[in-house]
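Reading through the structure tokens given below for one structure.
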Number of protein chains: 2
Amino acid sequence: MPRSPSTPSDLGCAILGLLARGPLTGYDLARRMQKPVGYFWTATHSQIYPELARLEHAGLLEHEVIEGRGPRPTKRYAVTPAGLDTLREWVAGELEPQPVRDLETLRLWSIWLVDPDAARDLVRQARTRHYDTLAAYETELAELVDHPRAQDRTDPWFASRLTLQGGVLTRRAAVQWCDWMLAELDRA
Amino acid sequence: MPRSPSTPSDLGCAILGLLARGPLTGYDLARRMQKPVGYFWTATHSQIYPELARLEHAGLLEHEVIEGRGPRPTKRYAVTPAGLDTLREWVAGELEPQPVRDLETLRLWSIWLVDPDAARDLVRQARTRHYDTLAAYETELAELVDHPRAQDRTDPWFASRLTLQGGVLTRRAAVQWCDWMLAELDRA
DNA sequence: TCTAGCATGTAACTCGTTACATGATTAA
DNA sequence: TTAATCATGTAACGAGTTACATGCTAGA
């Protein structure tokens with residue numbers, strides 16, 4: 001089932017969501033959607049630039065050229081009123097379940113095949129990654145949690161606080177899980 | 001960086017992991033990797049059949065033709081010793097962080113744009129989905145948790161118990177998070 | 001009779017990743 | 001001088017989704 005032209009892709013909605021919080025260049029967008037700090041969505045510049053063009057063509061974004069240091073003109077994008085409407089519709093719309101694809105758990109599912117040292121090592125690796133992510137989320141959340149803007153339901157900081165809290169809770173659970181697995185591996 | 005021919009794709013490893021627990025036809029594989037029951041990985045038959053051919057060509061799988069009711073010969077696939085080695089290597093190998101792409105959290109991140117009713121509705125939807133998944137995991141886990149096979153580190157059921165426990169812990173955290181968000185939405 | 005399940009496969013398309021390409025300024 | 005940062009874009013490829021295609025058997 002192909003998307004109707006007025007409904008942007010998931011990536012498009014991610015971009016609209018970022019730009020609804022304030023205008024940015026494609027370069028800034030790409031930096032924010034990189035590996036570690038991506039707000040629950042990642043993308044690279046080679047996806048972002050064509051998508052910006054599509055969104056602008058659909059009337060959901062507009063840009064102004066600002067001074068910059070690149071070989072091509074530097075463009076700052078902002079959401080149009082139509083773009084905001086589209087984003088609101090998307091946020092309020094149905095939320096169908098996403099396909100599950102979790103490489104880490106997939107590996108653990110075959111852990112019965114490897115020797116105990118390799119198994120423990122695998123779980124320790126996972127624990128480290130979850131713990132580091134948890135620490136990063138907790139740091140960011142600490143700066144937000146008592147800020148007045150983060151208490152106002154209509155402020156983007158409020159939503160950031162909600163999502164960061166979710167990251168903290170699920171990562172804590174993941175770390176607990178890894179600790180539990182290490183104990184199970186010693187027991188069995 | 002293209003993969004070396006001896007290292008299968010993630011999908012290939014998912015298939016090897018399933019077949020290491022016992023031979024299956026492509027059709028059975030496809031059923032097990034469907035939406036709700038997929039063991040942390042989903043795929044459709046149109047991905048699976050070509051991948052089976054690739055894995056067999058690489059010597060990691062072999063098949064025998066069995067009697068069946070389809071218009072083409074029914075093939076039952078099994079992992080070869082080389083396939084088992086490859087799978088073991090993959091399980092014990094480095095675990096690099098995966099790109100984060102979480103549509104649900106992405107929506108919540110723009111929740112500041114919509115009215116309180118739509119916001120509550122969105123969180124309730126998410127809660128329902130997490131709760132249902134949690135219930136399914138708990139049911140499956142309950143059947144496994146006291147079984148002797150699930151206590152033996154070298155038995156596939158042991159690994160199933162670990163991954164199901166992970167599912168339970170993270171889904172519980174997600175439900176807690178949703179409840180916390182509903183309270184925050186009423187407070188703000 | 002008609003639908004659902006069995007059982008395989010291909011084709012067209014979208015999405016995401018990696019690599020190629022350009023060129024200025026600034027700090028080591 | 002050399003690398004990193006700014007700043008945009010295209011091209012080739014791989015992975016995932018949807019649709020097309022075939023044809024038998026068992027049950028409603």
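Because only heavy atoms are used, hydrogens play no part in the values below, and waters and symmetry mates are left out as well, while side chains stay in. A note on names: the letters A, B, ... follow the listed sequences, proteins ahead of strands, and every chain is numbered from 1.
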Taking for each residue the nucleotide of DNA chain D bearing the nearest heavy atom, is the 5' side occupied by A:Thr74 or by B:Thr42? A:Thr74

Does a distance-only test, which skips hydrogens and angles, find a donor-acceptor pair under 3.5 Å between the side chain of B:Thr44 and the base of D:dT18? no

Distance in angstrom units between B:Gln47 CD and D:dG16 C1', rounded: 5 Å

If you check the B:Ser46 side chain, which of C:dT8, D:dA7, D:dT17 turns out closest? D:dT17

Report yes or no: is there a donor-acceptor pair, N or O only, under 3.5 Å between the side chain of B:Thr25 and the base of C:dT8? no

Without decimals, in angstroms, what is the distance between A:Ile48 CD1 and D:dT10 P? 14 Å

Between P on D:dG23 and CD on B:Glu67, what's the gap in Å once rounded to a whole number? 22 Å

Round to a whole Å and report the spacing from CG of B:Leu52 to P of D:dA15. 15 Å

Taking the six-membered ring for Trp, are B:Tyr39 and A:Trp109 ring centroids under 6.0 Å apart? yes

For A:Arg31, which contact category applies under a 4.0 Å heavy-atom criterion: base, sugar-phosphate, or nothing? sugar-phosphate

Carboxylate-amine/guanidinium proximity below 4.0 Å for A:Arg161 and B:Glu184: yes

Looking at A:Glu56 and A:Lys75, does any basic side-chain N land under 4.0 Å from a carboxylate oxygen? no

Within this structure, what is the CD-to-C1' distance between A:Glu51 and C:dC15, rounded to whole angstrom? 10 Å

Taking atom C1' of C:dT8 as reference, at what distance in whole Å does atom CD of B:Glu56 sit? 14 Å

A:Leu29 CG - D:dG9 C1' separation (whole Å): 15 Å

Among C:dT17, D:dA26, C:dC15, the nucleotide that comes nearest once only the side chain of B:Arg69 is considered: D:dA26

Closest nucleotide among C:dG9, D:dG16, D:dG9 to the B:Arg72 side chain: C:dG9

Given D:dA7, C:dG16, C:dA7, the nucleotide with the shortest approach to the side chain of A:Tyr49: D:dA7

For A:Ala43 and for B:Gly68, find the nucleotide of DNA chain C with the closest heavy atom, then tell me which residue's nucleotide is more 5'. B:Gly68

side-chain contact (heavy atoms from CB on, under 4.5 Å) partner of A:Glu62, chosen from A:Thr80, A:Val79, A:Leu55: A:Thr80

Output the rounded distance in Å from CZ (A:Arg76) to P (D:dT8). 11 Å

Checking C:dA7, D:dA19, D:dG9 against the side chain of A:His45 (C-beta onward), the nearest is D:dG9

Given C:dT17, is OP1 or OP2 found less than 4.0 Å from the side-chain N or O atoms of B:Arg101? yes

Can you tell me if A:Ser110 and B:Arg88 form a side-chain donor-acceptor pair at under 3.5 Å? no

